[in-house]
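Single-structure report; data block below.
Fair warning: this is a prediction, and the values are worked out from it, not measured in the lab. Each chain gets a letter, A, B and so on, in the order the sequences are listed, and its residues count up from 1.
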Protein chains: 2
Amino acid sequence: MMGHATDISRESAARKRILNTATNLFYAEGVHAVGIDRIIAEAGVAKATFYKYFPAKDELVRAYIQEQSRQGRAMTDKIIGRSARESILAIFDLVADAATQPGYRGCPFLNAAAEYPDPSHPVRQAIAEHRLWKHDLLRDLLVADRNAHAETTADILTVASDGLLITSHLDKPTNLRRLIRETVLQILGVPDK
Amino acid sequence: MMGHATDISRESAARKRILNTATNLFYAEGVHAVGIDRIIAEAGVAKATFYKYFPAKDELVRAYIQEQSRQGRAMTDKIIGRSARESILAIFDLVADAATQPGYRGCPFLNAAAEYPDPSHPVRQAIAEHRLWKHDLLRDLLVADRNAHAETTADILTVASDGLLITSHLDKPTNLRRLIRETVLQILGVPDK
DNA sequence: TGTCTAGTAGACAAACCTGTCTGCTTTCAA
DNA sequence: TTGAAAGCAGACAGGTTTGTCTACTAGACA
């Protein structure tokens with residue numbers, strides 16, 4: 001008897017089409033470079049509908065970032081299982097998976113952050129939230145791996161993750177998977193060899 | 001008798017003022033976010049003068065990147081001297097120096113690259129040139145340090161440099177200098193201790 | 001039948017973007 | 001003194017930006 005069929009702002013087909021189109025365009029070409037008119041045209045949606053679900057462009061950008069974060073967490077949940085160390089290596093395998101995909105254009109969070117100078121802007125805060133989640137996840141895994149300096153090592157792994165995402169985009173190194181593995185193992189310390 | 005006083009495109013005071021103003025604005029707010037009108041207004045220059053020295057905005061952006069590269073090389077030349085290992089550590093100290101400066105907003109090359117999707121764009125090529133220079137410099141220093149895998153280690157140091165520039169901007173870690181030192185020494189291998 | 005909701009289509013305003021072009025002033029050297 | 005070069009000031013064109021608003025259509029439900 002209360003909000004049974006349409007709960008607005010969640011399960012509307014038009015809203016999903018907008019967010020989906022925006023995601024592809026924002027990632028491929030950048031946030032400032034893509035205008036509203038282009039998004040509504042490619043999503044096949046009226047302008048009024050757009051502004052009904054996203055009162056301003058920045059709200060769409062924030063939704064885009066939050067959706068990327070949600071998908072990243074879902075992917076991570078799937079691959080975590082066996083030992084803590086194997087989980088960490090699997091997380092870094094995701095970097096290689098992303099980087100070898102056809103339309104790879106770097107990390108969506110880092111790219112978006114570069115376009116928003118103000119750290120207090122909602123978009124930047126959404127990015128910061130995602131980064132904090134990832135950092136804490138790594139730290140927890142390191143604790144489970146009996147790492148003596150989990151907090152510091154999590155910092156270093158964050159550095160490695162960002163750097164690998166950047167270098168795989170801008171430098172396209174040969175044998176990326178080997179580079180990733182060597183980088184991570186050097187940070188974790190090789191157990192036997 | 002030939003090009004004695006003004007060689008155009010190099011030693012014009014107006015040109016320097018334009019490039020200087022653009023550098024500050026581009027770095028602080030992003031390339032797409034800053035328009036020509038704003039640059040010429042703050043530089044105190046006529047529009048015709050601007051388009052005389054920079055036929056298009058992208059040429060100004062390219063000049064901005066190349067000037068940043070030139071300054072980075074000059075800084076690096078100054079601090080390289082003693083042993084190869086000390087030189088590498090000094091290069092990474094530059095990251096901490098930059099990150100602790102008042103208006104720090106990340107690496108200008110990474111920020112600009114995020115705004116130019118096309119890798120064949122002149123701006124992206126200028127960025128690639130700078131990255132290649134830095135990578136080769138690190139590799140040469142590693143060879144001089146008698147590193148057995150100079151090429152691979154240079155790749156990893158590039159990852160570390162990018163990651164540190166990112167994390168010092170987005171995460172503002174406490175004790176950045178310690179994080180840098182630990183990261184680099186872990187990659188190079190601690191000599192004694 | 002009547003009403004409520006979601007959506008489409010598109011005009012419109014106001015600001016901003018890049019780039020061109022016309023005049024005017026200043027400087028300096030032959 | 002004359003003339004070239006450099007620069008300033010600003011109008012202008014053509015396009016794009018975000019966001020608002022009006023008018024219409026299709027479906028669900030009571």
Problem - Contact under 4.0 Å: B:Y53 side-chain N or O vs D:dG7 OP1/OP2 - result: yes
Exercise for the section: Only pairs at least two apart or in different chains count here, so list each ring-ring contact (aromatic ring centres under 6.0 Å, His included) that has a residue in residues 73-97 of chain B. Expected result: none
Exercise for the section: Using the test salt bridge (charged side-chain N to carboxylate O under 4.0 Å, His left out), find all partners of A:R181 that sit at least two apart in sequence or belong to another chain. Expected result: none
Practice task
Using atom CD1 of B:I40 as one end and atom C1' of D:dG7 as the other, report the distance to the nearest whole Å.
Solution key: 13 Å
Enumerate the protein-to-nucleotides 16-25 of chain D contacts in which both atoms are nitrogen or oxygen and the separation is below 3.5 Å.
{"unit_1": "D:dT18", "atom_1": "OP1", "unit_2": "A:K57", "atom_2": "NZ", "d": "3.1"}
{"unit_1": "D:dT18", "atom_1": "OP2", "unit_2": "A:I36", "atom_2": "N", "d": "2.7"}
{"unit_1": "D:dG19", "atom_1": "OP2", "unit_2": "A:K57", "atom_2": "N", "d": "2.9"}
{"unit_1": "D:dG19", "atom_1": "N7", "unit_2": "A:K47", "atom_2": "NZ", "d": "3.2"}
{"unit_1": "D:dG19", "atom_1": "O6", "unit_2": "A:K47", "atom_2": "NZ", "d": "2.6"}

Problem - Residues which pass side chain to side chain contact (heavy atoms under 4.5 Å, CB included) with A:Q71, listed by chain and number, not counting sequence neighbours - result: A:E67, A:Q68
Exercise for the section: Go through the structure and list residues passing side chain to side chain contact (heavy atoms under 4.5 Å, CB included) with B:N24, not counting sequence neighbours. Expected result: B:N20
Problem - N/O (side chain, A:R17) to phosphate O (OP1/OP2, C:dG7) under 4.0 Å - result: no
Problem - Stepwise side chain to side chain contact (heavy atoms under 4.5 Å, CB included) check, B:F26 with B:L60 - result: CA-CA 10 Å; B:F26 284 162; B:L60 172 63; 4.0 Å; yes
Please write out the pairs of protein N or O atoms and N or O atoms of nucleotides 13-15 of chain D separated by less than 3.5 Å, giving the distance to one decimal.
none

Practice task
Go through the structure and list residues passing side chain to side chain contact (heavy atoms under 4.5 Å, CB included) with A:E59, not counting sequence neighbours.
Solution key: A:P55, A:A56, A:R62
Completion exercise
So salt bridge (Lys or Arg N to Asp or Glu O under 4.0 Å) across residues 92-118 of chain B, not counting sequence neighbours, yields B:D97-B:R177
Fill in the blank from the handout: Applying salt bridge (charged side-chain N to carboxylate O under 4.0 Å, His left out) to B:R146 and not counting sequence neighbours gives none
Practice task
Can you run down the salt bridge (Lys or Arg N to Asp or Glu O under 4.0 Å) pairs that involve residues 165-176 of chain A, sequence neighbours left out, and say none if there aren't any?
Solution key: A:D171-B:R131
Exercise for the section: Under 4.5 Å between side-chain heavy atoms, chaining through other members, with only Ile, Leu, Val, Met, Phe, Trp and Tyr counted: pull out the rest of the cluster around A:V143, sorted by chain and number. Expected result: none
Problem - A:I36 and A:Y51, any side-chain heavy atoms less than 4.5 Å apart - result: yes
Handout entry: Residue-phosphate contact under 4.0 Å: B:S12 side-chain N/O, D:dG7 OP1/OP2
Key = yes
Practice task
May I ask you to list the residues of residues 113-125 of chain A, by number, that have any heavy atom positioned under 4.0 Å from an atom of DNA chain C?
Solution key: none
Practice task
Look at the side-chain N and O atoms of A:T49 and state whether any lies under 4.0 Å from the OP1 or OP2 oxygen of C:dA9.
Solution key: no
